[in-house]
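Below is one structure; the comments refer to it alone.
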Amino acid sequence: MRVPLRMHRSRARIEPVGENRLTTSKFRTKLCLAVSLIAFTAFVAGCGKASETAPTTSSEHEMPMADGSMGMTSLFDETIGDVSIGMSAMDPERFFVSVGAEQREHKPAPDDDIHLMATLSDSESGIRLPDAAVTVRVTGPDGKVAYDGPLYPMIGRGMGMHYGENVSLGRAGRYTAEFVATPPRIGRHADSEGAWSQTIRFQAGFDWDGASVGSES
Amino acid sequence: MTQPEFTRRRLLVAAAGVVASGGVVGILARGGDGDAVRLPPLARGLPEAQVAWNQTLARDRFGNRRAPKHHRLLSFDLAGDPGVDKARRLEAALRGIERDLPYGPAGVLTAVGWGPSWFDRLGIESPVPEPVPLADTELPQLEDPAAVIHLASDEVSRLDVAQRRLESAPGLELVGLRNGSIGRGLARRLARRLELPPGVEPPADSPMLMGFESGRRETQARESDILVRSGPWTGSTTMHVSEIALTLTSWYRSLNDQDRIGRMFGPGVTRTDVDRPGPGLTPPSQAPAESARRHGFIGHAQAAAQARRNGRPIILRRDFDGEVDGQAVTHFVSYQESIADFVATQAAMNADTAVGINGVDQVINNGINEWLSVRSRANFLVPPRSRRSFPGLAGWDQL
């Protein structure tokens with residue numbers, strides 16, 4: 001017999017953000033623009049220049065990548081205090097985790113659907129925030145947990161500094177992400193003394209259409 | 001309010017003497033409602049500490065105890081107002097289990113714990129605090145059922161028998177159930193049920209899902225170490241229950257055997273060290289901060305050992321692995337004198353002194369924290385056997 005009933009009378013640790021800013025999961029790509037006239041989000045991929053501008057909500061234009069590289073989908077954006085968080089997804093990605101002086105390879109598994117990415121940025125200036133501990137619990141439309149663990153700090157030439165991991169989502173539908181990010185430990189100028197000092201906890205929803213994100217490569 | 005003719009505690013003290021002399025027929029307990037209900041006698045030879053299981057467990061030449069293979073946690077809320085009759089019936093159910101099933105893994109082992117919500121209901125100060133998150137990165141459900149009963153046996157059917165008896169006792173309503181196992185080969189069996197991807201499974205003889213055994217003698221507090229020594233709850237112990245999801249795919253895919261050993265125990269530990277028979281692997285004595293500096297990671301056992309007192313661990317772990325909604329979990333059951341001891345051990349596991357050094361953070365490169373996610377936490381008091389049913393209830397258990 002197996003009835004994994006939960007223990008009763010639980011108090012959830014965090015409250016959902018007032019309004020989940022759901023984005024559609026339509027495939028979107030952005031052209032990397034050298035000009036800074038347009039404030040684009042921190043989720044630009046596939047170009048050689050990391051974006052350092054203020055984040056926005058996901059309502060922008062969709063353009064193919066000029067170099068044909070993989071695109072990405074924005075899942076949600078949120079701002080809590082002086083930190084802006086963006087979650088996005090791209091094709092599963094081989095990456096390396098720093099262990100002391102070495103780099104340990106993480107290869108995507110055959111059943112991984114996406115490379116889930118989170119960016120943390122200063123809400124005022126848009127600069128990326130490294131050296132935070134980021135964890136996420138992603139629950140699928142059937143109530144089952146799709147992923148529960150860290151997002152690893154890494155950089156990529158197209159993506160810039162972010163926290164990521166390959167994840168197997170599976171079915172299409174509405175997902176919930178419960179997100180925790182500790183304060184970044186990076187040194188800073190006096191103008192940022194005391195900034196980004198709270199551990200961030202929130203939950204947000206996003207839709208997943210069940211398809212891989214990027215262009216065929 | 002009518003004073004009962006006997007308090008329950010006086011009855012039991014008398015009964016203990018009579019039981020020892022072997023001549024008990026039955027004990028009448030007269031409750032406040034005036035009805036006399038026959039309470040069966042306590043089975044002979046049972047230890048007063050509910051957590052005293054070790055004497056029944058097989059041991060090897062190093063004193064390592066073999067844990068019962070199958071475990072179940074039953075959580076209960078109150079069904080209606082508590083009363084002496086309900087307390088009596090619960091106690092009768094427990095005594096019936098002990099009468100009909102041997103005390104030990106061939107029969108069943110039990111431990112009954114009561115949470116802060118129970119003591120709140122009585123209007124008395126709870127001897128255990130409400131649960132709180134114990135690390136900055138965790139998001140546990142904080143749970144507070146009135147009672148929990150930890151059942152353990154080498155046979156699942158025994159757990160079923162015990163559960164049926166307990167469910168039939170009025171006064172408590174079953175609201176949660178967690179199953180699991182620990183033992184050679186059982187982890188592989190559980191992994192197959194979880195339908196983990198290829199390459200993601202523990203070795204065939206591993207007792208636990210992460211591929212290592214747990215609970216050797218020197219890695220555990222002694223049962224005598226974890227009893228409350230003074231105050232109204234002398235002879236009790238405390239219990240912390242957490243459900244921890246395991247990210248096994250990443251554990252087995254991104255690490256090789258030596259990497260896993262390093263994360264579980266500490267830098268420099270080898271497969272030969274792990275496989276060597278003995279009373280427990282001594283973790284590296286190097287401070288976690290120094291290991292972080294030199295190696296870029298620290299070991300779980302190395303970090304947890306920082307909480308030892310006089311070289312001994314301060315918690316007694318009776319954890320087991322299971323499955324919840326298709327996900328691998330460890331049901332981490334820990335017994336200790338005070339919940340503060342558990343908190344101190346968890347704090348050691350967080351290894352704050354190593355965070356920020358050479359790529360070690362709260363989770364990444366920090367022991368096994370990278371692969372654990374705490375889903376829930378709860379705290380309980382486990383009274384002595386003579387007070388295990390509705391402890392502190394007026395007219396039944398005098399404080």
Side-chain angles (χ1 to χ4, degrees), chain A residues 1-14 95-112 131-137 139-140 142-153 163 165-168 178-183 185-186 199 201-203, chain B residues 73 75-77 117 133 136-145 148 156 160 163 173-179 197-200 241 243 245 247 249-250 253-255 259 292-297 322-327 355-356 358-359 361-365 369-373 375-376 378:
Chain A
M1 172 187 76
R2 181 199 136 283
V3 180
L5 298 176
R6 296 286 174 172
M7 280 187 169
H8 184 57
R9 284 219 212 129
S10 30
R11 304 197 298 276
R13 178 68 185 91
I14 56 173
F95 63 91
F96 298 85
V97 172
S98 189
V99 183
E102 296 172 3
Q103 299 270 331
R104 194 178 82 230
E105 187 179 21
H106 282 235
K107 290 184 200 160
D111 52 340
D112 284 337
D131 292 348
V134 177
T135 59
V136 69
R137 178 182 299 150
T139 306
D142 53 1
K144 293 198 177 189
V145 172
Y147 180 70
D148 199 347
L151 297 182
Y152 292 90
Y163 303 83
E165 172 60 303
N166 297 315
V167 169
S168 171
E178 294 166 86
F179 183 94
V180 182
T182 62
R185 296 181 305 275
I186 188 78
T199 295
R201 298 181 184 91
F202 71 93
Q203 109 185 9
Chain B
L73 294 170
S75 51
F76 295 91
D77 272 339
S117 65
D136 223 16
T137 49
E138 64 178 45
L139 289 173
Q141 300 277 15
L142 303 174
E143 299 179 329
D144 191 7
V148 72
V156 173
D160 295 338
Q163 179 179 340
E173 176 198 352
L174 184 70
V175 295
L177 184 152
R178 296 176 185 174
N179 275 315
V200 179
V241 177
E243 182 180 296
T247 320
T249 45
S250 172
R253 279 219 169 101
S254 70
L255 299 174
D259 292 332
R293 201 163 291 123
R294 291 201 198 184
H295 303 281
F297 73 93
E323 173 251 327
V324 175
D325 292 337
Q327 191 164 27
V355 170
N358 201 12
D361 72 16
Q362 288 87 334
V363 177
I364 293 168
N365 296 328
N369 299 346
E370 202 169 318
W371 297 277
L372 307 182
S373 176
R375 295 294 185 78
S376 68

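Naming convention: chains lettered A, B, ... in sequence-line order (proteins, then strands); numbering from 1 in each chain.
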Problem set entry | chain A contact via B:E370 - which portion, at a heavy-atom distance below 4.5 Å | both
Exercise. Is chain A contacted by the side chain of B:T247, its backbone, both, or neither, given a heavy-atom distance below 4.5 Å?
Worked result: side chain
Problem set entry | Trace of the side-chain contact (heavy atoms from CB on, under 4.5 Å) decision for B:L174 with B:Q163 | CA-CA 10 Å; B:L174 184 70; B:Q163 179 179 340; 3.7 Å; yes
Exercise. What are the two closest heavy atoms between A:R104 and B:S254, and how far apart are they?
Worked result: NE-O, 3.1 Å
For this session: With a 4.5 angstrom heavy-atom cut-off, could you sort out which part of B:N369 is near chain A: side chain, backbone, both or neither?
Result: neither
Problem set entry | Non-neighbouring partners of B:D136 that pass salt bridge (charged side-chain N to carboxylate O under 4.0 Å, His left out), sequence neighbours left out | A:R201
Problem set entry | Residues which pass salt bridge (charged side-chain N to carboxylate O under 4.0 Å, His left out) with A:E165, listed by chain and number, not counting sequence neighbours | none
Exercise. Parallel under 30°, tilted from 30 to 60°, perpendicular over 60°: which one fits the rings of A:F95 and A:Y152?
Worked result: tilted
Seminar exercise, completed: Honestly, the part of A:V97 sitting under 4.5 Å from a heavy atom of chain B is side chain
Exercise. Considering only heavy atoms, which portion of A:A132 lies under 4.5 Å from any heavy atom of chain B: side chain, backbone, both, or neither?
Worked result: backbone
Seminar exercise, completed: Whatever's closer than 4.5 Å to a heavy atom in chain B on A:Y147 counts as side chain
Problem set entry | Presence of salt bridge, B:E143 and B:R178, under 4.0 angstrom | yes
Problem set entry | Segment of B:S250 engaging chain A (4.5 angstrom heavy-atom cut-off) | side chain
